[in-house]
Amino acid sequence: MDSSLNAARRARELRRVAEERLDVLVVGLGATGAGAALDAAARGLRVAAIDAHDLAFGTSRWSSKLIHGGLRYLAKGQVGVAHESAVERGILLRRTAPHLVRAHPYALPLTPAVSRRQAALVMSGYRLGDALRAAARTPRRLLPGPSRLDAARARTLVPVAPAGSLRGALLSWDGRLLDDARLVVAIARTAAARGARVLTRCRALRITASGGGMTASVRDELTGEEFEIRARTVINATGVWAGTLDPDVRLRPSRGTHLVLRPGTLPGLIAGVHLPLPGETNRFALVLPQHDGRVYVGLTDEPVDGPVPDVPEAPEEDVTALLEVLNGVLGTRVTREAVAGAYAGLRPLLAADGAEDDAAGGRTADLSRRHAVLSEGGLVTVVGGKLTTYRHMAEDAVDRAVSSGNLRAGRCKTRRIPLVGAEPPATGAADGVPARLTERYGGEAAAVHELVRAHPEEVGLGITVGELLWSVRHEGALDASDLLDRRTRIGLVKEDRERALPATRDVLARITHL
């Protein structure tokens with residue numbers, strides 16, 4: 001089955017999708033929407049998935065890159081949400097995306113900001129989290145247990161921790177992604193391989209009930225042409241924009257901001273670092289080193305009012321607040337000049353019960369991360385949740401679509417479907433393939449390497465013209481933004497993006513001649 005997404009496939013499927021009646025139309029191609037398309041296609045349903053922009057254009061590309069077991073939810077007594085997170089983390093680690101999701105160490109430096117009582121509470125939470133790992137049947141070889149480190153060992157993992165006042169660290173393990181947008185691309189391509197029609201740059205203008213089913217009025221954003229897609233059911237997986245298609249949905253978006261620190265700012269950092277937030281018992285900021293030398297620092301949790309922008313901005317007050325937390329714990333001072341860039345994402349949190357004004361008065365940090373599936377006739381809306389549990393959210397949404405549309409379909413199969421790249425390479429295929437490519441492409445790394453050897457010119461951050469060509473031919477990239485901002489993350493830093501833009505445009509200009 002062909003998993004390649006490209007302009008030629010898009011053109012073919014655009015012609016076909018308006019000519020037939022689908023079982024399911026999915027609107028939104030973040031992790032949950034792409035997951036719903038895969039789930040529906042794997043059940044044998046006729047499905048198409050559309051997005052006004054690109055794969056992973058919204059919240060799914062602005063995460064902390066964590067695939068986590070939900071310790072924070074345990075602290076709030078949300079045991080069900082924590083268990084769901086641990087189960088889904090195990091599925092990704094063991095079966096569906098072991099090439100993209102791996103265990104990573106996280107250290108909580110025991111500085112004077114962390115009392116002995118708080119350290120004991122945190123370690124109790126880590127042990128409960130390890131019990132959830134065991135309950136989810138995730139083997140310890142994939143996810144080691146927590147431990148306490150002495151000061152010398154703590155300084156080995158976190159050399160920027162303050163030396164004089166450090167009494168050690170608490171070490172935990174959780175899942176992490178190299179790149180959240182690449183996970184979405186893999187899900188969408190796997191859906192395409194199962195027969196789903198995956199169409200970017202197609203905006204759903206409105207959804208109406210008609211003739212025992214649903215009709216979506218859609219505009220091709222590349223040509224301006226409008227057409228209709230008929231389906232028995234529609235899954236609204238548009239995240240923070242869900243209310244544009246379903247006015248009954250009340251969301252309370254929360255902004256999460258991350259800083260991108262320049263390479264060399266925090267040298268020698270091996271583990272992720274948990275930083276206690278002043279005045280909070282169970283909330284921590286996160287410092288996460290990247291393979292390219294950058295370091296991400298996050299995460300704010302601020303309520304957002306007013307219209308939802310396509311691309312959220314990271315306000316200066318968030319940057320200042322994160323730097324204050326960082327500099328309050330580490331033994332080295334990070335200046336504003338060390339911040340190469342910043343990004344912000346909006347969490348599609350379901351508003352708390354009660355009047356909207358009451359929800360607005362509370363903290364979004366206190367709202368549940370549990371997802372919700374809402375339906376009215378043939379329109380099914382899925383909101384809330386988090387990246388880790390995208391597969392379960394998609395399963396619940398497709399289950400509801402099957403029941404509300406009276407569709408003939410079997411049970412969900414996605415627990416056992418490896419995503420594109422998860423299959424191990426053929427014997428000998430990985431010989432000579434750089435580890436960097438294996439980490440990004442998994443079982444497809446050898447094929448990507450062939451393109452890289454033919455087109456080795458570097459675009460930025462070690463990424464080559466060959467990789468951009470792969471993204472255009474196989475991963476649905478249509479323009480420079482797709483390549484720089486989602487298939488790679490060069491665009492997170494403005495000057496890196498500007499340097500890479502001419503070469504990227506050149507690749508797009510000559511792709512038709514290659």
Between D51 and T200, does the side-chain hydrogen bond (donor to acceptor under 3.5 Å, both in side chains) criterion hold? Intermediate values first, please. CA-CA 5 Å; D51 195 283; T200 59; over 6 Å; no

Start with the C-alpha gap between D485 and R61, add the side-chain angles, then the distance that decides, and say whether side chain to side chain contact (heavy atoms under 4.5 Å, CB included) holds. CA-CA 9 Å; D485 301 331; R61 64 169 160 146; 3.8 Å; yes

In sequence, state the C-alpha distance, the side-chain angles, and the governing distance for I187 and V420, and then conclude on side chain to side chain contact (heavy atoms under 4.5 Å, CB included). CA-CA 7 Å; I187 300 166; V420 166; over 6 Å; no

Does the pair R219 and E221 meet the rule for a salt bridge (charged side-chain N to carboxylate O under 4.0 Å, His left out), with working shown? CA-CA 6 Å; R219 181 173 65 228; E221 296 289 80; 2.6 Å; yes

Passes side chain to side chain contact (heavy atoms under 4.5 Å, CB included), T233 versus M214? Steps please. CA-CA 6 Å; T233 58; M214 308 296 290; 5.6 Å; no

When you look at E467 and R487, which way does the salt bridge (charged side-chain N to carboxylate O under 4.0 Å, His left out) test go after all the steps? CA-CA 9 Å; E467 290 164 80; R487 304 308 180 278; over 6 Å; no

Could you walk me through whether V24 and V234 pass the side chain to side chain contact (heavy atoms under 4.5 Å, CB included) check? CA-CA 6 Å; V24 179; V234 174; over 6 Å; no

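Between N236 and V382 there is no side-chain heavy-atom pair separated by less than 4.5 Å. Side-chain contact between L205 and V218 is absent, with no heavy-atom pair separated by less than 4.5 Å. Contact of the Y106 side chain with the L288 side chain is registered, since non-hydrogen atoms from C-beta on lie closer than 4.5 Å. With contacts defined as side-chain heavy-atom distances shorter than 4.5 Å, the pair V380/L374 does not qualify. The side-chain heavy atoms of R89 and R133, taken from C-beta on, include a pair separated by under 4.5 Å. Using a 4.5 Å cut-off on side-chain heavy atoms (C-beta onward), V459 and T464 make no contact. I50 has its side chain within reach of I229: a pair of non-hydrogen atoms, C-beta onward, lies under 4.5 Å apart. Contact annotation: the side chain of D130 never approaches that of W173 to less than 4.5 Å [non-hydrogen atoms, C-beta and beyond].
Here CG of L419 is found 4.5 Å from OG1 of T190. Values are rounded to the nearest 0.5 Å. Taking SG of C412 as the start and NE2 of H392 as the end, the distance is 8.5 Å to the nearest 0.5 Å. To the nearest 0.5 Å, the span separating OG1 on T414 from OH on Y390 amounts to 7.0 Å. Residue I67 holds its CD1 atom at 4.0 Å from OG1 of T388, rounded to the nearest 0.5 Å. Atoms CG and CG, from D54 and D479 in turn, are 7.5 Å apart once rounded to the nearest 0.5 Å. One distance of note links CG of L349 with CG of L251; it measures 8.0 Å at 0.5 Å rounding.
Checking K386 against S85 by side-chain atom types alone, a donor-acceptor pair falls below 3.5 Å. Side-chain atoms of S481 and R497 form a donor-acceptor pair, as typed in the model, at a separation below 3.5 Å. T215 and T208 form no side-chain donor-acceptor contact under 3.5 Å, judged by distance and modelled atom types alone. Side chains of H474 and S3: a donor-acceptor N/O pair is absent below 3.5 angstrom, by distance only. Checking D301 against S254 by side-chain atom types alone, a donor-acceptor pair falls below 3.5 Å.
Between R400 and E395, none of the side-chain N atoms (NZ, or NE/NH1/NH2) sits under 4.0 Å from a carboxylate O, so this pair counts as no salt bridge. Of the charged side-chain nitrogens involved, at least one lies within less than 4.0 Å of a carboxylate oxygen, so that R201 and D482 count as a salt-bridged pair. A salt bridge does not link K413 to D39: none of the charged nitrogens lies less than 4.0 Å from a carboxylate oxygen. A salt bridge does not link R10 with E13: every distance from a Lys NZ or Arg NE/NH1/NH2 to an Asp or Glu carboxylate oxygen is 4.0 Å or more. R189 and D2 are not joined by a salt bridge, as no carboxylate oxygen comes within less than 4.0 angstrom of a charged side-chain nitrogen. Under the 4.0 Å criterion applied to side-chain N and carboxylate O atoms, D180 and R489 are assigned as salt-bridge partners. A salt bridge does not link D305 with R255: none of the charged nitrogens is closer than 4.0 Å to a carboxylate oxygen. Remark: R43 engages D399 in a salt bridge, criterion side-chain N to carboxylate O under 4.0 Å. Salt-bridge formation is not detected for the pair R102/E439: no Lys NZ or Arg NE/NH1/NH2 atom is positioned less than 4.0 Å from an Asp or Glu carboxylate oxygen.
Formation of a donor-acceptor pair under 3.5 Å by the E226 side chain with backbone atoms of G224 is not found in this model. The backbone N or O of A344 sits nowhere less than 3.5 Å from a side-chain atom of T257 that would complete a donor-acceptor pair. In this structure a side-chain-to-backbone donor-acceptor pair under 3.5 Å is missing from R137 to G90. Looking at D174, its side chain does come within 3.5 Å of a backbone N or O of G69 through a donor-acceptor pair.
Between A41 and A191, the closest heavy-atom pair is CB-O, 4.2 Å. Considering all non-hydrogen atoms of both residues, A186 and L100 come closest at CB-CD1, 4.1 Å. The minimum heavy-atom distance between S64 and L286, with the atom names listed, is CB-CD2, 4.3 Å. Between V87 and R415, the shortest heavy-atom distance links the atoms CG1-NH1, 4.1 Å. The heavy-atom pair separating W62 from G345 by the smallest distance is CB-CA, 3.5 Å. Across R473 and N6, no two heavy atoms sit closer than the pair O-ND2, 2.9 Å.
For R140, the CZ atom counts as densely surrounded, since its 6.0 Å shell holds more than 12 non-hydrogen atoms of other residues, nucleotides or ligands. Around CZ of R21, the count of heavy atoms belonging to other residues, nucleotides or ligands within 6.0 Å exceeds 12.
A parallel orientation is assigned to the rings of H53 and F57, their planes being inclined by less than 30° (bins at 30° and 60°). Between Y343 and H258, the two ring planes are parallel [angle under 30°; tilted spans 30° to 60°].
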